[in-house]
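Note: hydrogens, waters and symmetry copies are ignored here, and every other heavy atom, side chains too, is used.
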Amino acid sequence: VFSWWFAWRYYKDMQGSTLRPLVRKWIAAALLFYVLSGVGPVLLGYCMSHHLGQVVYFNSVYFFLHFQYNGWFSFALAALFFHIVVKQAPAWEGNRGRWLFRLLAMTCIPAYCLSVLWMSPPQWVVAVAAWAAVVQGFALLIFISLIWRCRHRWPGLSGESKWLWRLSGLAWVIKIA
């Protein structure tokens, strides 16, 4: 309940801010996935109280973890990244930046199917997982092209900050790949 209140409060506070529209979209999506991740522990409690078995138990845990990491954490980190970068490289707020957001936002929910492949699901679940992986691959290509186009216009960050951003970007590329 606290996480839902936090998300609602943060979203309301964000409406009066001077954040750029694309950054607001990343934050709004992060908050949505944060709230959605809260369904996992609720399902986990229901699963345990009704003895629904290990499959439902594990899928509830994976649901929570998927939307925490691939939703809340990734989109919040992207919002921070866009907040810093768009000032120096406006190309990030153009069509490619918007497409990057759209592709990742529309695949976050279907990408949960990747987390349930361990239980040999029906073919339609495998197809949805494959579709999400392919679309995220396209998003990765857009991200790399944006990085390449704006490589000379990064903000004046310290060496340590640049190193951390590069490490974060590499981790994200490995996650998508």
Within the 4.5 Å heavy-atom criterion, are Leu31 and Trp72 side-chain neighbours or not? yes

Provide the closest heavy-atom pair for Phe64 versus Ser37 in the form atom of the first, atom of the second, distance. CD1-O, 3.3 Å

Quick one: are Pro21 and Arg24 in side-chain contact, heavy atoms under 4.5 Å? no

Hey, what do you get for CZ (Arg166) to OG (Ser168), rounding to the nearest 0.5 Å? 12.0 Å

Please name the pair of heavy atoms, one in Ala139 and one in Leu100, separated by the smallest distance, quoted to 0.1 Å. O-CD1, 3.3 Å

What is the minimum heavy-atom distance between Ala29 and Phe101, and which atoms define it? CB-CE1, 3.8 Å

Please report, to 0.1 Å, the donor-acceptor pairs under 3.5 Å made by any side chain of residues 104-117, with sequence neighbours excluded.
unit_1 : atom_1 : unit_2 : atom_2 : d
Thr107 : OG1    : Leu103 : O      : 2.9
Thr107 : OG1    : Leu104 : O      : 3.2
Thr107 : OG1    : Gln136 : NE2    : 3.4
Tyr112 : OH     : Asn59  : O      : 2.8

Check the hydrophobic clustering (I, L, V, M, F, W, Y; side-chain heavy atoms under 4.5 Å; chains of links allowed) and say if Val35 and Val39 are grouped together. no

Any Pro121 side-chain heavy atom under 4.5 Å of Val126 side chain: yes

Just by distance, do the side chain of Arg98 and the backbone of Leu22 share a donor-acceptor pair under 3.5 Å? no

Would a line drawn from the ring center of Phe33 to the ring center of Phe75 be shorter than 6.0 Å? yes

Output, in order, the C-alpha distance, side-chain angles, deciding distance and verdict of ring pair (Phe, Tyr, Trp, His ring centres under 6.0 Å) for Trp8 and Tyr11. CA-CA 5 Å; Trp8 175 78; Tyr11 183 78; 9.4 Å; no

For the student: nearest non-hydrogen atoms of Ala78 and Trp26, plus distance: CB-CE3, 3.4 Å

Sub-4.5 Å side-chain heavy-atom contact between Phe143 and Trp172: yes

Flag the pair Leu43 / Val56 as yes when at least one side-chain heavy-atom distance between them is below 4.5 Å, and no otherwise. no

Could you tell me whether the side chain of His50 and the main chain of Tyr46 form a donor-acceptor pair under 3.5 Å? yes

Has Trp163 got more than 12 heavy atoms of other residues, nucleotides or ligands less than 6.0 Å from its CH2? no

Can Phe82 be reached from Leu164 by stepping across I, L, V, M, F, W or Y side chains whose heavy atoms are under 4.5 Å apart? no

Sequence neighbours excluded, which residues qualify as side chain to side chain donor-acceptor pair (under 3.5 Å) partners of Arg102? none

Let me check something: do Leu141 and Val173 share a hydrophobic cluster, defined by ILVMFWY side-chain heavy atoms less than 4.5 Å apart, either directly or through other members? yes

Using modelled atom types and a 3.5 Å cut-off, is there a donor and acceptor pairing between side-chain atoms of Ser74 and backbone atoms of Gly71? no

Check whether any side-chain heavy atom of Val134 lies under 4.5 Å from a side-chain heavy atom of Phe138, and answer yes or no. yes

More than 12 heavy atoms of other residues, nucleotides or ligands under 6.0 Å from CD of Gln54: yes or no? no

Looking at Phe73 and Tyr69, what are the two nearest heavy atoms and their distance? CB-O, 3.6 Å

Are there more than 12 heavy atoms of other residues, nucleotides or ligands under 6.0 Å from atom CH2 of Trp4? no

Should the pair Phe6 and Tyr10 be assigned to parallel (<30°), tilted (30 to 60°) or perpendicular (>60°) ring geometry? tilted

His83 side chain near Arg20 side chain, heavy-atom distance below 4.5 Å: no

